Amino acid sequence: QVQLAESGGGLVQAGGSLRLSCAASGRTFSSYGMGWFRQVPGKEREFVVSISWSGGRTYYSDSVKGRFTISRDNAKNTVYLQMNSLKPEDTAVYYCALRTKRGGSYNPDEYDYWGQGTQVTVSS
């Protein structure tokens with residue numbers, strides 16, 4: 001069993017920055033791919049970014065490429081999402097997810113564990 005806990009969300013003005021964290025416990029975090037997704041009410045969960053077990057491979061959605069950066073610290077069982085140049089359209093609940101494979105994926109159905117989510121609100 002794996003528990004994931006996101007933190008770092010909040011309210012920020014457009015153009016600002018936030019850093020989300022996702023702390024994992026309960027299983028060998030360092031062996032698995034991780035992803036960040038986001039969701040707004042009435043819409044499907046949207047892929048943001050994924051990272052492989054070692055951090056060597058990352059994939060970004062076009063909507064965040066160049067503004068967001070994913071990283072992981074396997075010694076701390078934590079994955080991070082640095083979000084810069086935030087836009088109002090980035091407003092959503094952000095979820096981290098763990099995939100019991102080495103690599104990440106853009107497909108939410110391929111993830112096995114999810115956090116509870118953290119709200120990010122970007123004001124214009």
Side-chain angles (χ1 to χ4, degrees):
Q1 194 70 12
V2 173
Q3 294 80 42
L4 301 174
E6 302 96 337
S7 61
L11 174 64
V12 64
Q13 288 188 334
S17 299
L18 283 174
R19 188 173 86 152
L20 306 184
S21 299
C22 173
S25 62
R27 202 161 174 176
T28 309
F29 169 83
S30 61
S31 299
Y32 302 122
M34 298 290 295
W36 285 96
F37 293 79
R38 63 188 183 186
Q39 190 170 24
V40 298
K43 292 190 175 181
E44 292 187 353
R45 197 161 291 189
E46 175 192 12
F47 169 74
V48 177
V49 59
S50 68
I51 188 168
S52 63
W53 68 280
S54 65
R57 290 189 178 185
T58 57
Y59 297 96
Y60 292 86
S61 69
D62 288 342
S63 61
V64 306
K65 197 174 295 182
R67 300 188 298 121
F68 290 12
T69 303
I70 190 172
S71 61
R72 65 188 297 160
D73 185 339
N74 286 342
K76 296 182 178 180
N77 282 5
T78 303
V79 64
Y80 303 97
L81 181 63
Q82 178 66 44
M83 305 186 296
N84 298 328
S85 303
L86 282 161
K87 304 175 181 179
E89 51 263 44
D90 294 318
T91 295
V93 177
Y94 282 71
Y95 299 89
C96 68
L98 182 146
R99 180 174 186 249
T100 54
K101 302 287 186 183
R102 293 285 194 171
S105 171
Y106 65 88
N107 185 352
D109 293 335
E110 295 188 12
Y111 288 81
D112 303 284
Y113 298 95
W114 292 83
Q116 81 287 352
T118 185
Q119 177 70 46
V120 171
T121 303
V122 184
S123 63
S124 57

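Since this is a predicted model, take the numbers as computed values, not measurements.
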Atom OG of Ser71 and atom CE of Met34: how far apart are they, to the nearest 0.5 Å? 11.5 Å
Pairs meeting criterion salt bridge (Lys or Arg N to Asp or Glu O under 4.0 Å) with involvement of residues 107-124, two or more places apart: Arg99-Glu110
If you compare all heavy atoms of Tyr60 against all heavy atoms of Ile70, which two are closest, and at what distance to 0.1 Å? OH-N, 2.9 Å
Could you tell me which non-hydrogen atom of Thr100 sits nearest to which non-hydrogen atom of Tyr113, and how far apart they are? CG2-CE1, 4.1 Å
Tell me if a side-chain donor or acceptor on Arg57 pairs with a main-chain N or O of Ser52 at a distance below 3.5 Å. no
Hey, does the side chain of Thr91 reach the backbone of Val122 with a donor-acceptor pair shorter than 3.5 angstrom? yes
Keeping the roles fixed (side chain from Glu6, backbone from Gln116), state whether a donor-acceptor pair exists under 3.5 Å. yes
Do you know which two heavy atoms are closest between Glu46 and Ser63, and how far apart they sit? OE2-OG, 3.7 Å
Using a side-chain heavy atom cutoff under 4.5 Å and only I, L, V, M, F, W and Y, what cluster partners does Tyr59 have? Phe37, Phe47, Val93, Tyr95, Tyr106, Tyr111, Trp114
Can you name the closest pair of heavy atoms from Ser124 and Ala14 and give their distance? CA-CB, 4.4 Å
Which residues, ordered by chain and number, are linked to Trp53 in its hydrophobic cluster, where ILVMFWY side chains connect at heavy-atom gaps below 4.5 Å, directly or through other members? none
Going from OG1 on Thr121 to CG on Asp90, what distance comes out if it is rounded to the nearest 0.5 angstrom? 11.0 Å
Residues in side chain to side chain donor-acceptor pair (under 3.5 Å) with Lys43, at least two apart? none
Check Asp62 with Lys65, please: is the shortest side-chain N to carboxylate O separation under 4.0 Å? yes
Output the distance between atom CG (Leu20) and atom CZ (Phe68), rounded to the nearest 0.5 Å. 8.0 Å
Under 4.5 Å side-chain linkage, directly or through intermediates, the cluster mates of Val40: none
When rounded to the nearest 0.5 angstrom, what is the spacing between OH in Tyr80 and CD1 in Ile51? 11.5 Å
Can you name the nearest heavy-atom pair linking Tyr94 to Val48, along with the distance? CE2-CG2, 4.3 Å
Looking at Val120, is its backbone amide N or carbonyl O close enough to the side chain of Arg38 to form a donor-acceptor pair, meaning the two atoms are under 3.5 Å apart? no
Between the CZ atom in Arg19 and the OG1 atom in Thr69, the distance rounded to the nearest 0.5 Å is 11.5 Å
Nearest 0.5 Å, what's the CZ-CE distance between Arg67 and Met83? 9.5 Å
Suppose the criterion is disulfide (SG to SG under 2.5 Å): which pairs have a residue in residues 74-124, not counting sequence neighbours? Cys22-Cys96
Minimum heavy-atom distance between Ser17 and Asn84, given as atom pair plus value: OG-OD1, 2.9 Å
